[in-house]
Number of protein chains: 4
Amino acid sequence: MRKVCVVVASRANYGRIKSVMVAVKKHPDLELQLVVGASTLLERFGRAVDVIENDGFIPQRSIHYVVEGETLVTQAKSTGLGIVELSTAFSELKPDMVLTVADRFETMATAIASTYLNIPLVHIQGGEVSGNIDDRVRHAITKLADYHFVASDLSAERVILMGENPRSVFNFGCPSMDLLTQTDLSVSVDRMARYLGVGTSIDWGKPYILMIQHPVTTSYGQGFSEVSNTLNALKNIKGFQKIVMWPNVDAGSDDVSKGIRHFRENNMEEPIYYYKNFTPEDYAAVLNNAVCCAGNSSSFIREGAFMGVPAVVVGDRQVGREHGANVIFSDYTSGSVEQAIRKQIDRGRQDPDYRFGVGDAGLRIADKLSNIDLEGSLKTNIR
Amino acid sequence: MRKVCVVVASRANYGRIKSVMVAVKKHPDLELQLVVGASTLLERFGRAVDVIENDGFIPQRSIHYVVEGETLVTQAKSTGLGIVELSTAFSELKPDMVLTVADRFETMATAIASTYLNIPLVHIQGGEVSGNIDDRVRHAITKLADYHFVASDLSAERVILMGENPRSVFNFGCPSMDLLTQTDLSVSVDRMARYLGVGTSIDWGKPYILMIQHPVTTSYGQGFSEVSNTLNALKNIKGFQKIVMWPNVDAGSDDVSKGIRHFRENNMEEPIYYYKNFTPEDYAAVLNNAVCCAGNSSSFIREGAFMGVPAVVVGDRQVGREHGANVIFSDYTSGSVEQAIRKQIDRGRQDPDYRFGVGDAGLRIADKLSNIDLEGSLKTNIR
Amino acid sequence: MRKVCVVVASRANYGRIKSVMVAVKKHPDLELQLVVGASTLLERFGRAVDVIENDGFIPQRSIHYVVEGETLVTQAKSTGLGIVELSTAFSELKPDMVLTVADRFETMATAIASTYLNIPLVHIQGGEVSGNIDDRVRHAITKLADYHFVASDLSAERVILMGENPRSVFNFGCPSMDLLTQTDLSVSVDRMARYLGVGTSIDWGKPYILMIQHPVTTSYGQGFSEVSNTLNALKNIKGFQKIVMWPNVDAGSDDVSKGIRHFRENNMEEPIYYYKNFTPEDYAAVLNNAVCCAGNSSSFIREGAFMGVPAVVVGDRQVGREHGANVIFSDYTSGSVEQAIRKQIDRGRQDPDYRFGVGDAGLRIADKLSNIDLEGSLKTNIR
Amino acid sequence: MRKVCVVVASRANYGRIKSVMVAVKKHPDLELQLVVGASTLLERFGRAVDVIENDGFIPQRSIHYVVEGETLVTQAKSTGLGIVELSTAFSELKPDMVLTVADRFETMATAIASTYLNIPLVHIQGGEVSGNIDDRVRHAITKLADYHFVASDLSAERVILMGENPRSVFNFGCPSMDLLTQTDLSVSVDRMARYLGVGTSIDWGKPYILMIQHPVTTSYGQGFSEVSNTLNALKNIKGFQKIVMWPNVDAGSDDVSKGIRHFRENNMEEPIYYYKNFTPEDYAAVLNNAVCCAGNSSSFIREGAFMGVPAVVVGDRQVGREHGANVIFSDYTSGSVEQAIRKQIDRGRQDPDYRFGVGDAGLRIADKLSNIDLEGSLKTNIR
C-alpha cells in the first residue's frame, strides 16, 4: 500500500489535481494522504477546504502558512514558512511519494520539503512555458522532481530537453480535462442558486462574458491599472452580462482586488456579477457556457481548448503558452481587450482541441503511481 | 553603483566566493553587501564569520537560521527559515543582484528569496554533476538564476543544455583557484602555530595525509560507518602524520562527527590531528603540502587539480564529477581506501591541471557584474 | 546616547505611542530606533506605515510577520514569526532598551524577543484590566518587563500587587492623551477632505455617531453577529449620520469585517460612512466631535474620558476596565445597544476626566528613559 | 474523556512530568496526547525521546524547533519557531487542556501557543524564585495559565500574591518526588552498565561526587570560566571519583560544553567520568548515592531535599530558591566551591525534607485534571 501525499494549497491547485485524488483514493494499492494549506484555508479566497471536504476528502493536516501582504516579500516568506511546516507534516506522515502541481509558491514549498526529506517527488504539469517568473519556478521544480506527468507532447519534450530521463516523463494529459468528461456542463438556475451573491442576480439563461485576471508577479505593481483596463473593456461591450472572479492570493492580488473593488463601487448599476469561488465542476460549467472569456486564467487555455470556448488572453502572464485555436492574445490596453473580445464573440464557439488530454489523466496517473520504481532514482547526468 | 549582495552561509561557501568578494569590493562601479548566516555563525563549525571579519569584510546582516538536528527534516526547515529571514534582509538592503554559490540548502534559500523578490540572481558553480541530491538542488538553482558563472567548459555546456541562454553563461573558472595564485602555499610552523589544538602537535615539516569526509545526504544514516572506515584505512598506513577535519553542518554531520569522536577517543595515541577550521589561505597551504588527501571534499578535485595533489575520493558524493588526473576513486570499504591511498602515495605529485581556471575568476566575474543587463531577462523559452 | 527601540505593529499601537516617539526623537540623550511591522504594513488595515513616515519617522526595519487567517491559530503563529524576526532585528540594532505598548500579540512578540536577548524591556499601559485574553497577555508582559509606565493610579497599584518593584513603576498618564492637548480637535471639511471614500460623502458639519467594534478573542466566532447587532442598532437611530471604522487585524477580524461588509451591501442607502484609517490626530478630532460613540474601542474609554464624549461600550472586551463617567456599558443585543446610545445622546457631553493623564506623558516618559538604571535590575522576589 | 496534551521539550522536562504522564495515561477519564520536541530530539543532548518511547509513550508529534547557536538570539528564535509549529499541532490535536512545566523557553512557547488558541493551560511548578531570567518567564507563564500545580506552600503563596485565583492553585508537591518513592535508588554495577562510556569506567561501588552546571542565561558569556572553576575545585578534592554531566541546550551551553571539553582534554588522567543522559530513574539513583553534588541543577535542591543529599549550589542560578538543610551556597570561585564541597562531605547525609512533596503528585494532579472546570475561567481581576 503506497502512501501518496497530495498537498493542495489553492483553489486552482485543487481543480487541477482533483481527478488524480479521486483515482488515488479508489486505487487498491494506493492510500491518499491529504495536506491542505495556504489560501485553501482562507475566507478571503473562498475557503476551498470546504469544497474539498464536501467532496469527501478528509485532510490529514491543515496548515496556515500564508504570510499576509501579497507582496513579493510575503510570497517568499510564505514559501519559507510552508517549507518549515510541511517538513514536520511529511516527517510525521511518512508518505512514499509526494505529489505537487504546477508552479506556484506553495508548489515550490512542497517540492523543497519533499526533496530534502528524500521523499520521491512527483510533479504534475511540468514543462510548460508561460513567460514569467512561474517558468523559473516550474522548471526548478522539474529539476527537483523524480517523476513528471506532463500535459502535452510539447511539455514532455521540454522536460526531457532540460535533462530529465525520458523514462520518468509521462504524458497522460492534464487532469483538469477529466472533470470535463464527467460533469454536466450546463448552468441551470437550480445548480447555480447556491452562489447567490448580494444585489441583483445574474440570469444564467442569458449570455455572459467571464473575466478572471490574476496578478502577474513580474509586473508587480501594475495590477490595479491592468484589471481596470479589462473591466472597462467589458463595460463598453453592451448587451451581455459579465461574471468577474476575484484573483488568487499572490504577490499583487491586493492590487488587483482593489482595482475590482474600485471599479465595482463606481459601477454598481452595471450587469456585472462578482464571485469568489465555484466548485471545480461548477466553474467548468460557467466557463463552458461563456460567450467569451477574458483575462489571464490558465483555464481559458487549458479547459478552454477542450471545450472550444472563445478566449482573450490579456497581457504577458500566458505569453508563449501552448494553446489551441480558441485563444487570441491582447495587450493590456482597454481598446485592445475590447476589440479582441468583440472579435472572439463574432468568431463564436470553436471545435474541441484535445492537445491537453482526453479526460483519463487521473486514472492513468494513479495507475502509474502504483508501479513506478521508488527505490532507485531515474535522475541521470546531463550529458 | 550596483549593489551586489553576497550571502555567505558556510565555511566552504566563503572559500569559494572570497576572491569575488574582494574584487567586488574594489570595483569602482560595485558596492558589496554582505549577509552572513547559518553555520558561519556557529561555534561548532568554527565560526567562519570571525575569519570573514578578520579579512576586512563587515556583514550588513548576521542571521541565525540553522534548525538544529542535522537530519533531513532540519535541513529542510533551515532552508525554510532561511528564506523567511533572507527575504526580510533583501527587502531592506535592496540589492541590484544577489550572488549565490554552489548547491547547499543555504544556497537554495538564497536563490528562492531572491527569485521571489524579483532580484536578479547570479549563480556561481552551476552545471556540475556530483551524483546525489546536491545535483537536484544545483540544477534547480540554475533554472532560477539569471546569470551563471560556471567553473569549466563542461559545466557551461550542461547549463546551456538545460535550456539557459548561452549569453547568460560565462566560464571564467572557479574563484577558488584565484587564491592559489595569490597565496604562499607553504606550511611553515610559524604560520600554522595559531591552529594549535590540544594534545601533542603536528610537525608541519614532516609528511602528512589530509582527510575530510562530509556526510552524503542521499545515504543518510551511513555517516558513522563510512567515516570510521576511512579513519581505519588511515590508521593502517604507518609512517605518516594525518590531519582530520570536522565535517560541514549538514544532514548527517552529527553521525560523521560521532564517528570521528569515537575513533579519536579510542586512538588517542595515533599521530592524528583534528581541526575545525582554517582560513581559506591556510587551508590551501595544508592541502598543497599533503602527500595525499582522502575523503570527499570537493576541494580535492578542484584545488587539487590545480596543484596536482594526489587525491582519493571516497564514496559517491563526487561520483561523476569532472576531475583531473590527480584523482582516483574508491568505494567506502576500509581496504579499498587504504589501497587507493597507497597507490596515490606511490604515484606522487601530478602536473597542474587548469581545467577549473587559471586564477583570475574573481576579477573577471566582478567586471562582468558591473556591465551585465539587469533590466531585461535573458531567460528564454526551451525550444 | 541611549538607543530606544520602539516596535510599532498596528494602527492602534501608533496612536498610543506617538507622543513618546516624538519626545524620544527630540531628547538630547536618546536616539530613536523604529521597527514597523505586522498590520502597519498591510493595505487592508490602512498601511499605518505611510502615516508614520509622513510624520517624519524613518523605520530602521519593516518586517512582515502576520500569518494570514485572523483565526486563533494564525494569531499564535504571527506571534511566533514575530519573535523569530524581531530577534534578528534587535540583535542587529543593539538597542539599550525596547519599548512596547499594551497587550496585543505583536506586543507579546516584542516582549519575548527582548527578554530573551537580555535587553531591558519597557512596558507602556500595564496593569489595566479589560476582562478577556488581553488581560493574560498584558499581565504576562508585566512580569517580563523591567519598567512600567502605567496610565492610572489604579494600574500602578495592580502592577505592584503582581509583585513588581514600586521603584520600577511610573504613572505619567497615557501618552494617547498628549495628542489631545496639542491638536486642533475640530473636524473641518477641509481637514477631512483627504479621507473622501467612494459614494456620497459625510457632511462633517452635521452630527454623527462613531462606531468601532473589534473582534473579541475569547468569544471567537461571534464577530459577525455581534457587529451586525450594533450596526442594526445604529440603523434604528434616525436623524444622525454614522461613521463605521474597520477593525484591527486580529483573530476574528475577518468575521467582523464580513459582518460590516454584509450590512453595508444591504444598506447602501443609509447615511453610514466607512473608513479604514485616520491619522491619530484626525481620529482624535473625529472622536471628539461625535455625538456618541459605540462599540468596544479602548479609545472611547481613554480619550473619551479626557474629552467627555458619551460612549456606549458594547460586550465584554472592556468589562472591568477603569473608566470615567462618559461611559455606559451594554450587552451585545441590538436593543440594548440602541437604548444605551439613545440614553447617552440625551445625557450629552460630559465634563473632562483626567484620570488617564493630563497630556504630558510622552515628555515625562522620555525624560525618565534617559536616566533609569539599565545595568542592574529592579526585579525583586515576590515576598 | 478529556484530552490532556503534554509537551516534553527537554531531558529535564521529562523527569519533572513523567509521573503525571503515567497517571494521566492510566486515568479512566483522561487521554494522554504527547508532543515531543526541541532538545529531546537531539543527539547532542542524549535524545531523551528514546527514553520516553522506551517507557511506553508514543508521541503524537515530534517537532524540531531548536534554532542552533545556543546564544540569546537563537533561544528567542527557538521560542518563536516553537510557537509556530506547536500552534499547528494543537489545532490538529484539539486537546482539552495543555500541560507545561517550569520555565524554559520551550515552556514559554507551549504557553503562548496554548493561550492564543484558547486552550486551558495548566502550569506545573509555578511560583518558584530562582533569581534570574527564568523567574520572569516562569511568572509570565503563571499569568497566562488557568491552573497552577505548585510544588510547595511558599510557591502557592507567591502565585496567589501575583493575583491568581486561590481556587486555581493546588499544592500536591513536585512530581519529581514521585519517582523517588517508586524506584530502587541504588547504583549497582549491573544497572549502570548500559551507560559505559569511553575510557576507563567509574566504579559504582566507590564514593563519587556529582557535578552538573547549566549555563545561566543572565550571565551569558561566563559559562566557560564558571564551569572551569567548578571542575578545578573537583580536581583538587582527591580521593573521590567524579561524575560530570553535560549541560542542557540553552543560551550559553556551548560555552559550558567547551569549558568541560577543554578541562577534560587536559585532564584525561583524572578519575572523572562524563555522561550525557540517564533515565530519570537512573539519574535519581546516581544523585542519591553521591557523597556530595555540586553545580546548579535544580534537582540538587528538589530531589536532594527529599533524599538528604549534601549539595553545593554554585552561583546565582538558584539564589533565593526555596531549599532544605541539605543545601549550602557558594560563589563561582574555585576556592569557595572547593571549601563548600569539603564542608558538605564532612556534614554528610541529611535527614529527608518533604517540603516539595511526599511522592503522590502525579496521581493527585491527574485526578484533579479529570474534574477541573474547563468551561469558565477562574481568572479574576487583580483587586
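Proteins get letters first, then strands, A, B, ... in listed order; numbering begins at 1 in each. Both backbone and side-chain heavy atoms feed into the values below; hydrogens, waters and symmetry mates do not. Predicted, not measured: the structure shown is a model, and the values here were computed from it.
Side chain of D:Gln33 to main chain of D:Leu93: a donor-acceptor pair is present (N/O by atom type, distance under 3.5 Å, no hydrogens or angles). Between the side chain of D:Ser155 and the backbone N or O of D:Ala151, no donor-acceptor pair lies under 3.5 Å.
The part of C:Ser91 that comes within reach of chain D is its side chain, from C-beta onward, which places non-hydrogen atoms under 4.5 angstrom from that chain. Residue contact with chain D, scored on non-hydrogen atoms closer than 4.5 Å, involves the backbone and the side chain of C:Val137 alike. Both the backbone and the side chain of C:Thr88 come within less than 4.5 Å of a heavy atom in chain D.
Of the listed residues (D:Leu117, D:Ile141, D:Thr142), the greatest number of heavy-atom pairs within a distance under 4.5 Å of chain C belongs to D:Leu117. Listed options C:Thr115, C:Leu86, C:Val67 were ranked by heavy-atom pairs under 4.5 angstrom with chain D; first place goes to C:Thr115.
Residues that satisfy the side-chain contact (heavy atoms from CB on, under 4.5 Å) test with D:Asp153, not counting sequence neighbours, are D:Asn171. Residues forming a side-chain contact (heavy atoms from CB on, under 4.5 Å) with D:Ser257 (at least two apart in sequence, or on another chain): D:Trp246, D:Pro247, D:Arg261.
Residues C:His323 and C:Phe300 are not in side-chain contact: their nearest non-hydrogen atoms beyond the backbone lie 4.5 Å or more apart.
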